[in-house]
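Mind having a look at this structure? Questions to follow.
Chain letters run A, B, ... following the sequence lines, proteins first, then strands; residues in each count from 1.
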2 protein chains.
Amino acid sequence: MLIIITYDVSTETRAGRRRLRRVAKICEGHGQRVQKSVFECKVNLMQFEELERQLLAEIDEKEDSLRLYRLTEPVDLHVKEYGNVKSIDFDGPLIA
Amino acid sequence: MLIIITYDVSTETRAGRRRLRRVAKICEGHGQRVQKSVFECKVNLMQFEELERQLLAEIDEKEDSLRLYRLTEPVDLHVKEYGNVKSIDFDGPLIA
C-alpha cells in the first residue's frame with residue numbers, strides 16, 4: 001500500500017530541529033521524499049505499523065502534526081503531480 | 001471526493017511569497033488547512049477541475065511543486081492524524 005506522510009514539526013527550538021531531522025530520517029528509511037515535509041512510502045501492513053510506531057516515538061504531539069494517508073491502488077489514478085519534483089536533502093551539510 | 005493538496009512554493013523571492021499566499025487562498029476557498037502546506041478539500045469532479053485549473057494558473061512549475069492526492073471514501077479509514085492539528089493563518093497580519 002502507498003502511504004503519504006505529511007508533517008509539520010516546529011523548528012523554533014533546538015529540540016524541534018532535532019525532531020525534524022529524525023522524522024525525516026525515519027521516512028527516508030521507508031520511502032521517498034516528494035516535498036519538504038511530504039513522503040511517499042510503499043509498505044505492507046507490518047512495515048506501516050513499524051513506521052507509525054517509530055514516528056510517534058519521535059514527534060511531540062503537543063507541538064508537531066503528523067498525518068498518514070493511505071492511498072488506494074492503482075496509485076497513479078489517485079495522484080497528480082505538477083512542477084518541480086525534487087528530493088531535498090535537508091540533513092545534508094550546509095554549504096557556508 | 002476528498003482531495004489532499006500538498007505544495008512547496010519557493011519563498012526565496014517576493015514573487016514566490018506572493019504565489020504562496022495566492023495558492024493558500026485558493027485552497028482555503030475549497031477546503032481546510034491541516035498543516036502549513038497541506039489542505040484537505042471535499043469537492044465534486046467539476047469543483048476539482050476548477051481547483052486544479054486555478055492552482056496551475058498560480059504556481060511556477062519550474063520553481064514550485066504541487067501534488068494532488070485523491071482519497072477513497074470512507075475517508076476516516078484512510079487518514080490517521082496525530083499531534084497538533086491547527087489551522088495556521090499565514091496570510092493574516094504579522095504581529096510586530
* To do: State which residues pass side chain to side chain contact (heavy atoms under 4.5 Å, CB included) with B/N44; sequence neighbours excluded, sorted by chain then number.
  =>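 Side chain to side chain contact (heavy atoms under 4.5 Å, CB included) check on B/N44 returns B/M46, B/Q47.
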
* Indicate yes or no: at least one non-hydrogen side-chain atom of B/L68 is less than 4.5 angstrom from one of A/Y82. =>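 Yes, side chains in contact.
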
* Write down the atom of A/D8, the atom of B/K36, and the distance for their closest heavy-atom approach. =>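 Closest pair (atom of A/D8, atom of B/K36, distance): OD2-N, 2.6 Å.
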
* Taking every heavy-atom pair that is under 4.5 Å apart, which of B/E81, B/K80, B/R70 has the most such pairs with chain A? ->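 Sorted descending by pairs with chain A, the first entry is B/K80.
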
* Asked: How far apart are the C-alpha atoms of B/L71 and A/L71, what are their side-chain angles, what is the distance that settles it, and do they pass the side-chain contact (heavy atoms from CB on, under 4.5 Å) test?
  -> CA-CA 6 Å; B/L71 232 56; A/L71 234 54; 3.4 Å; yes

* To do: Flag yes if A/L45 and A/V43 sit in one hydrophobic cluster, no otherwise; membership is Ile, Leu, Val, Met, Phe, Trp, Tyr, and two members link when side-chain heavy atoms are under 4.5 Å apart.
  =>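 Same cluster: A/L45 reaches A/V43 through Ile, Leu, Val, Met, Phe, Trp or Tyr contacts under 4.5 Å.
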
* Asked: Looking at A/I3, A/V75, A/I4, A/I59, which makes the most heavy-atom pairs under 4.5 Å with chain B?
  ->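 Looking at each of A/I3, A/V75, A/I4, A/I59 in turn, A/I4 comes out on top.
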
* Return the option, out of B/E52, B/E61, B/R67, with the maximum number of heavy-atom pairs under 4.5 Å with chain A. =>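 Result: the option with the highest number of such pairs is B/R67.
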
Name every donor-acceptor pair, under 3.5 Å, that has one atom in a side chain of residues 9-18 of chain A and the other anywhere in the protein, sequence neighbours excluded.
{"unit_1": "A/T13", "atom_1": "OG1", "unit_2": "A/G16", "atom_2": "N", "d": "2.9"}
{"unit_1": "A/R17", "atom_1": "NH1", "unit_2": "A/T11", "atom_2": "O", "d": "3.0"}

* Asked: Under 3.5 Å, side chain of B/N84 to main-chain N/O of A/K62, donor-acceptor pair present?
  ->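 Here the side-chain-to-backbone pair exists.
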
* Any donor-acceptor N or O pair under 3.5 Å, side chains A/Y69, B/E40 ->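 Looking only at side-chain atoms, B/E40 and A/Y69 do form a donor-acceptor pair, the distance falling under 3.5 Å.
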
* In terms of heavy-atom proximity below 4.5 Å to chain B, should A/V38 be classed as side chain, backbone, both, or neither? ->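 Answer is side chain: those atoms of A/V38 sit under 4.5 Å from chain B.
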
* To do: Heavy-atom distances under 4.5 Å only: say whether A/L55 touches chain B with side chain, backbone, both or neither.
  =>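 Neither part.
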
* Considering all heavy atoms, the nearest B/H78-A/T72 contact ->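 The pair with the smallest heavy-atom distance is NE2-OG1, 4.3 Å.
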
